[in-house]
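Positions are given from 1 along the sequence. Atoms within a ligand are numbered from 1 in the order they appear, just like the ligands themselves. Please read all numbers here as calculations on a predicted model, not as lab measurements.
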Amino acid sequence: MGSIAHNLQAVKSRIAAAERAAGRAPGAVTLLAVSKTHAPGLVRQAVDAGQRAFGESYVQEALDKMAQLAGLPLEWHLVGPLQSNKTRAVAERFDWVHAVDREKIARRLAAQRPADMAPLNVLVQVNASGEASKGGVAPAQAAALAAAVAAMDRLRLRGLMAIPEPGAPQSRWREIGELFRRLQREFGFDTLSLGMSDDMEAAIAEGSTLVRVGTAIFGARHRVKDAA
Ligand SMILES: *Cc1c(COP(=O)(O)O)cnc(C)c1O
């Protein structure tokens, strides 16, 4: 792997090429740098290279990292699964939550989001059949959960998130893109969080507006932690 700055530039070039190949506008796709398991010093290198939005999977690790990077104008996204005993810390510290798949979790986040903060940005995680992640609602249930989130005061429904299994056929990506566009007409949201280091091109071809990229920026992850 090269330097973080070099890797970021290479990822941005891939995104730009995929936007062009799909006939999409330059800048249509946002890059979220997934920094889970990587030290704050590496995040700082990415910040120095102009990156502002970071994704984490483990709440306690993220809180430690935020404390070490306090004062920087960063946007924090929780991309991993969220258990109900962790919702308060997430509501108080994060800007976005990607993997909401239960109304109960959404209700807790809404109740715990401090009144003096902007509404918490929420994505409903969808699990099309065969997805790598066990999380997510079935596509047929996505509209109902989206409607519930949209009605909650301290939350802002921004769209959908999905994690197709490695090597998923293009038809799976298309199914997710089509669900996004259908619900987008109903709810007026703007974000499809879809695509990672190895599959961002397939995601961008089907309408992803945000790719979650870890390995291609920070290198391989060495620590494996329990989801928390
Ligand atoms: C770790 C993680 C990523 C980043 O995956 P890479 O293959 O390293 O780019 C993206 N999304 C989620 C939900 C993750 O947990």
In the protein, what heavy atom is nearest to atom 13 (C) of ligand 1, and what distance, to one decimal place, separates them? Val79 O, 3.6 Å

Closest contact, heavy atoms only, Asn127 versus Gly135: ND2-O, 2.8 Å

May I ask whether Leu160 and Phe187 are part of the same hydrophobic cluster, defined by side-chain heavy atoms of I, L, V, M, F, W, Y residues being less than 4.5 angstrom apart, directly or through others? yes

For atom 11 (N) of ligand 1, closest protein heavy-atom neighbour: Arg212 NE, 2.8 Å

Between Thr87 and Arg108, is there a side-chain donor-acceptor contact under 3.5 Å, judged purely by atom types and distance? yes

Flag for Gln68-Asp64: side-chain donor and acceptor within less than 3.5 Å: no

NZ/NE/NH1/NH2 to OD/OE distance under 4.0 Å, Arg113 and Glu92: no

Donor-acceptor side-chain pairing of Glu56 and Ser35 below 3.5 angstrom: yes

May I ask whether Ser57 has any heavy atom positioned less than 4.0 angstrom from an atom of ligand 1? yes

Any Ile163 heavy atom less than 4.0 Å to ligand 1: yes

Check ligand 1 against Val213 and write out every atom of the ligand that is under 4.0 Å from a heavy-atom position of the residue. 9 (O)

Ile176 and Pro164: which non-hydrogen atoms are nearest, and at how many Å? CD1-CG, 3.8 Å

Just need the protein heavy atom nearest to atom 9 (O) of ligand 1, so name the residue and atom and give the distance. Ser197 OG, 2.5 Å

NZ/NE/NH1/NH2 to OD/OE distance under 4.0 Å, Glu61 and Lys65: yes

List every atom of ligand 1 that sits less than 4.0 Å from any heavy atom of Gly214, numbering the atoms from 1 in the order shown and giving each element. 4 (C), 6 (P), 8 (O), 9 (O)

Nearest protein heavy-atom contact for atom 8 (O) of ligand 1: which residue, which atom, what distance? Thr215 OG1, 2.6 Å

Looking only at protein heavy atoms, identify the closest one to atom 2 (C) of ligand 1 and say how far it is in Å. Lys36 NZ, 2.4 Å

Any nitrogen or oxygen of Arg221 lying under 3.5 Å from a nitrogen or oxygen in ligand 1? Just yes or no. yes

What residue and heavy atom of the protein are closest to atom 10 (C) of ligand 1, and at what distance? Met196 SD, 3.2 Å

